[in-house]
Each structure stands twice: as C-alpha cells, then as structure tokens.
Protein chains: 2
Amino acid sequence: MKMSKQFPLNALRVFESAARYRSFTKAGDELGLTQTAVSYQIKLLEENVGEPLFLRRPRQVSLTEAGERLAPRVTEAFEMLRDALGNLREASEGTLLIHSTATFASRWLARHIGSFQLENPTIAVRLETSETLIDFSKTEADVAIRTGKGEWPGLKAHFLMKSHFTPMLSPELAASIGGINTPADLLKLRIIDPGDPWWPMWFSAAGMPDVDLGGRPSSRMGAQAIEAAAAIAGHGVAILKPEFYADDVALGRLIQPFDILSDEGSHYWLVYPESRRNSPKIRAFREFIRKTLPTFGD
Amino acid sequence: MKMSKQFPLNALRVFESAARYRSFTKAGDELGLTQTAVSYQIKLLEENVGEPLFLRRPRQVSLTEAGERLAPRVTEAFEMLRDALGNLREASEGTLLIHSTATFASRWLARHIGSFQLENPTIAVRLETSETLIDFSKTEADVAIRTGKGEWPGLKAHFLMKSHFTPMLSPELAASIGGINTPADLLKLRIIDPGDPWWPMWFSAAGMPDVDLGGRPSSRMGAQAIEAAAAIAGHGVAILKPEFYADDVALGRLIQPFDILSDEGSHYWLVYPESRRNSPKIRAFREFIRKTLPTFGD
DNA sequence: CTGCATGCATAAAGAGGATTCATGCATGAA
DNA sequence: TTCATGCATGAATCCTCTTTATGCATGCAG
C-alpha cells in the first residue's frame, strides 16, 4: 500500500489552492503546475473521498457542498503546518549552540562573544563546554571549537589559531632572580606542572632537547586556567598559550620572557557540518570570528 | 520548481510518525514503508529545514530541540486533516441527494421513501425534482430518476418500470354512461388533455389507429398530477401511468377500464455515475429499490 | 451568428522522486 | 565475544506525477 494512497496529501494541497481560487488554472499557477496536473490531483482526491468536490461549470468550477465543508479545514491545517515550519526556522535561527573546549571558551570566547551578541541581537548564544570531540549527529550543536589537524570528514573546519605554547610567569617572580635572560634561567624557578608534556617540547624548540623535569606524566586536561592562576600568583612558571593570556600580559600580571613558541601540530578549529554552512546563524558566527580573529582561515 | 520541494508534505507525514514512535523502523511499519524510506524522508526534511530534527543515538533516535518543537504541531495539523476527511466521508455518506422527475417523486418515491429512511436512519434524504436530464458533473446529485432508453455513457442505469399509460377515469363518470366497455366508449366522454401525444399511441394500441381528438399539440411536462386530479374529480378521462395511481384505484377514486397499456419506448431508470456504484449510500438506495420494486433490473 | 478565447478533461509519454534491496556500521546485551 | 537491534548509504527500480498535445463546451465580440 503506497503512502500517498492512504492519505492523499499532495492532492489535498492542490485542492486547497483550487478551492481558494475556484479555478484549476490559477491553482496551477500558484503551485507551479499545469492545469492538467491540478485536474488530475483533484480527480484523485475525489476518488479517494468517494464524492465530487467540484462542480464543473461552463467557465468556472465551484465547490460542491462536500468541497465547501472540506476546504476551510484543509486550509487551516496547511496554515498550521506552514507556520510550524516557519516558526521552527525562525526559532532555530535564533539560538546558536556552541560546543567548545573549556579553555577556549573561558579565555577567548568569553571575552569576545559580547560583540557577536551586539552585532546579532536576534541570536541567543548557548555555550557548552566539553573536552570530547562531539559528533554532530549524536549531539545537539550548531558549531564546535576543536583542536586537531583540521580534517574531519563531513565537517567544514576553519583554522582559528595555532595551539602553541611558551613559558609565562609573573614579573615579580622573574625579578626575583634578576630577570629571565636565557631558557636555562627558567630552571632556577619552580615549574608549576613539571609533568606537562608541553615542557619538553618547548625546551626542545628552545635548543635544550635534553631537559628532564623529572615530572611524572600528568594530563593537563582543561587545567590551563589553574596553571595560569598559579603563575599570576607568583608560584612558579607555567607553560601557556600566549594568545589566551595577552590581557594578563597587558595588565602586567604575566610576562612572556621568550618569543620561542612551540606546538604539537594540533590547532584550534571552528567546525560545523558541511551541509549547514549556509545557515544564517552559522554564517553570522563565522563572519564574526573572521573579523575578530586575524588568523581565521577558510 | 517541484511541488514537493516547496513544502515537503510527505516528509512531514513521515516525520510525524517517526516523532511519535521515536523510531524510524516503527514509523515505517505504521506507514507501510521500509526503514530506509523513512530515513530518506527525514533527511529530506532536515535539509529543507536546515537543521537536524533527530539525534541518532546508538539504539534509538531522539528528537532535537527543534524536532521537539515541530512534532506536536505537525501532529495536530495532520489530525485536523485526518478528521476533516473523516467527517467529510461521514457527512457525505449521511445525505442522499436524489434528482427525480416530479411525477415519479410524488407518485412513487413519496410513498415509499419512508421505509428507506426507517431502514437507513443515518442517511438523510434530500429530494430535488427537475424534468431536465441532469449532468452529474455539473449538478450536485448522488442518484437520479430518469426516463429514457437506459443508455448513458459513464452512468450506471437500473431499469425501474415501464413508462406505459392507459386511460383512467372516476367510477362515477364511467357509470354515467353505463360503464366503459370498449375503447370507443371513451370518446363519449370529455378527454382531459386531448393534445396529449399519448392518446393517439394508446388508441392505436387499442386497435383504433385513426382516432383524432382534434387537440392541439401540448406538452404535458409534469402535468400528470393535474390531469389525475381532474379525472378523480370526474371532469373527464385522463391518460395516466397506472402504477402511479394504483392507490387511487384501490380507494375507488379511479378505475382503469382496459388492460391495454401503451408506451413510447422510454422508461424509468435509476441512474448514477458508474464510478460511484460502491458508495454505501448509493448501494443502500439501490438495494432499497430492488426490494421495493419488483421490476427493478441490474 | 460565426469565430475566438477561456477553462477543464483526457490520453499518451516522459521525468524524476520515492522506495526497496543489499549492505555496512555502531552499540548494547547475553 | 558474538549476536541482535537500529540507522545510514549506494545502486537499481518502480511508479507517481507532470507535461504535451489535444478536444470539448461555453461565453463573448464583431
């Protein structure tokens, strides 16, 4: 049994239009169909209902009593569907659900998202933080911020920034040993998380491949903010993403003694399903980041 | 631009079902489709809306926020359509619109329709009389009573009765000339409508082909009842369809002096559009007449 | 009254979408 | 682990819907 037979939806749509115009030809124009197609659909519906809906008068059709009874309800039902879809589109364009890592959210998004909202007052932003790589087909989200290589099948990825890192510390702490002049000076100070895998990478980049901090391997998942707070408090040297702490540097709470940056080949990306690249809210967010972040890539 | 694209009705129907079951497979069962078809339609709708409606979880799907918002309205709209169609069928099966000639209506239907209504209390009868041969595509009617040869393209016709005629008069009038013994006796009395074309036909059948009533040609359209009333009042002899006046004969108000019947080859038929022969109300009416009228034919 | 325009019906042909079939994949349960 | 469940995907097919080309009846204009 064919779906269209148990409930002739297309025929009903055509009927609705024809009933409004009292004309098959005009209904055809409205729906982008020929008069023939309309005639066919009406006949289908009449057969389904078991009763004529239109009287074929010389130069116009008119509704039978049955048609007269049916028409307004069909119209109402279609209007309901139409604006259910309309509202859906509207509402769905009204909320942008962002999944981000905690670090990026607190250190970058939190600071800039305000201007996005000013520019797009009709879009409400909802922010979820998670370290796991979300799957758009299993999790509700419009866009996500991820670290990685920038290649995920089915997803569009825009480069945001390199995820590089460098040691940072409070100016007071640096002054306590007469300033930091060479990477080796850092070893005179307390290292906040000696187990952080970024340390050996950075020292390597700084020409000291053999530095062994003797730390036990420890995951830093999302703990960057804690390291940073400790560094600001003068408790030692932390290894941080400088972009995230530019304002602390500006305020004199942190200094970045070396320009030497290191990275692990994994960077920040803005991603979303390829298929939704034209969604207005996604487009708006993309443009906002493009303007705000100089390193933004296509 | 395809009709189905501007407003994905079929996809909406599938969505409605899938949303109710939270399962593509079950929705497919309900709609008589495969899970594949459901999956396809949902994807279509999601593309149309520009946003996922379902979250594909391991062993079940669930609605996204957007889907959650859409589902109830779609359900409501479809219910509205469903019962609009339902009521229509109900209501349309609840009224039988009969087009009949005035004569048949008043002389036969009026007397028997009561028992049809007793047997079919849910069907309201509406009776229109007209002498013109209605066109079912231009006039609202379920069935019609017509005289003719019984062959109309596209229409099913059941023979009802011969449209024969014979002279009738009041018993008093007959007695006034000592009774009617031969057709020629009729000529001693006043002929109510001497211009009626039935007269020469009947006299011809009675073996008197040359009788000339000298009447001017006059149409009797629907006037049989008037002739009959005049005959009952004793004003003269009328030429009538005896079946229609059987009760007046029974009551002693009229007599039919001869068994000789004549006809013009045109008889009474019950007709309706071939395509509607299975409509319950039409079927009911047909069966009613079959039972009531011994001469009823297939 | 004749000829033209309008509006719907019908038949045949064609396009294109909807559906199915055969798989694959991921997950939860035994 | 292995099996069962539920959805996704790709290819092939089916068939609905649409169009094209007519015809018919009617109303209107000249």
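Protein chains get the first letters and strands the later ones, always in sequence-line order, with residue 1 at the start of each.
- The listed nucleotides are D:dC17, D:dT9, D:dT19; the one nearest the side chain of A:L33 is D:dT19.
- Taking the ring centroids of B:Y268 and B:F104, they lie under the 6.0 Å cut-off.
- What separates CZ of B:R22 from C1' of D:dT5 is a distance of 19 Å, to the nearest Å.
- The side chain of B:L44 has C:dA18 as its nearest neighbour among C:dA18, D:dT19, C:dT20.
- Atom NZ in A:K26 sits roughly 13 Å away from atom C1' in C:dC8 (whole-Å rounding).
- The base of C:dC8 does not come close enough to the side chain of A:T36 for any donor and acceptor atom to sit less than 3.5 Å apart.
- Here the side chain of B:Y40 is nearest to one of C:dT20, D:dT18, C:dT19, namely C:dT19.
- Nearest-nucleotide positions on DNA chain C for B:A37 and A:S23 put A:S23 closer to the 5' end.
- Along DNA chain D, the nucleotide nearest B:F24 and the nucleotide nearest B:K138 are compared for position; the residue whose nucleotide lies closer to the 5' end is B:F24.
- When heavy atoms are screened at a 4.0 angstrom cut-off, B:V61 is found touching the sugar-phosphate backbone but no base atom.
- Per the geometry, CD belonging to A:Q35 stands 16 Å off P belonging to D:dT22, to the nearest Å.
- When the C1' atom of D:dC15 is taken as reference, atom CG of B:N10 falls 14 Å away, rounded to whole Å.
- In this structure, B:I42 atom CD1 and C:dA18 atom P are separated by 13 Å, rounded to whole Å.
- At D:dG27, none of the side-chain N or O atoms of A:Q60 fall inside 4.0 Å of OP1 or OP2 (strictly under the cut-off).
- Residue B:S39 places at least one side-chain N or O under 4.0 Å from the OP1 or OP2 atom of D:dA8.
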- Task: Please test A:V14 against A:N10 for side-chain contact (heavy atoms from CB on, under 4.5 Å), starting from the C-alpha separation and ending with a verdict.
- Result: CA-CA 6 Å; A:V14 172; A:N10 289 332; 5.6 Å; no
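- Residues A:F136 and A:Y272 keep their aromatic ring centres 6.0 Å or farther apart.
- Ring centroid separation for the pair B:F15 and B:F54 comes in under the 6.0 Å cut-off.
- For B:R56 and C:dT27, the CZ to P distance is 15 Å, given to the nearest whole Å.
- Between the side chain of A:S39 and the main chain of A:Q35, no donor-acceptor pair closer than 3.5 Å is present.
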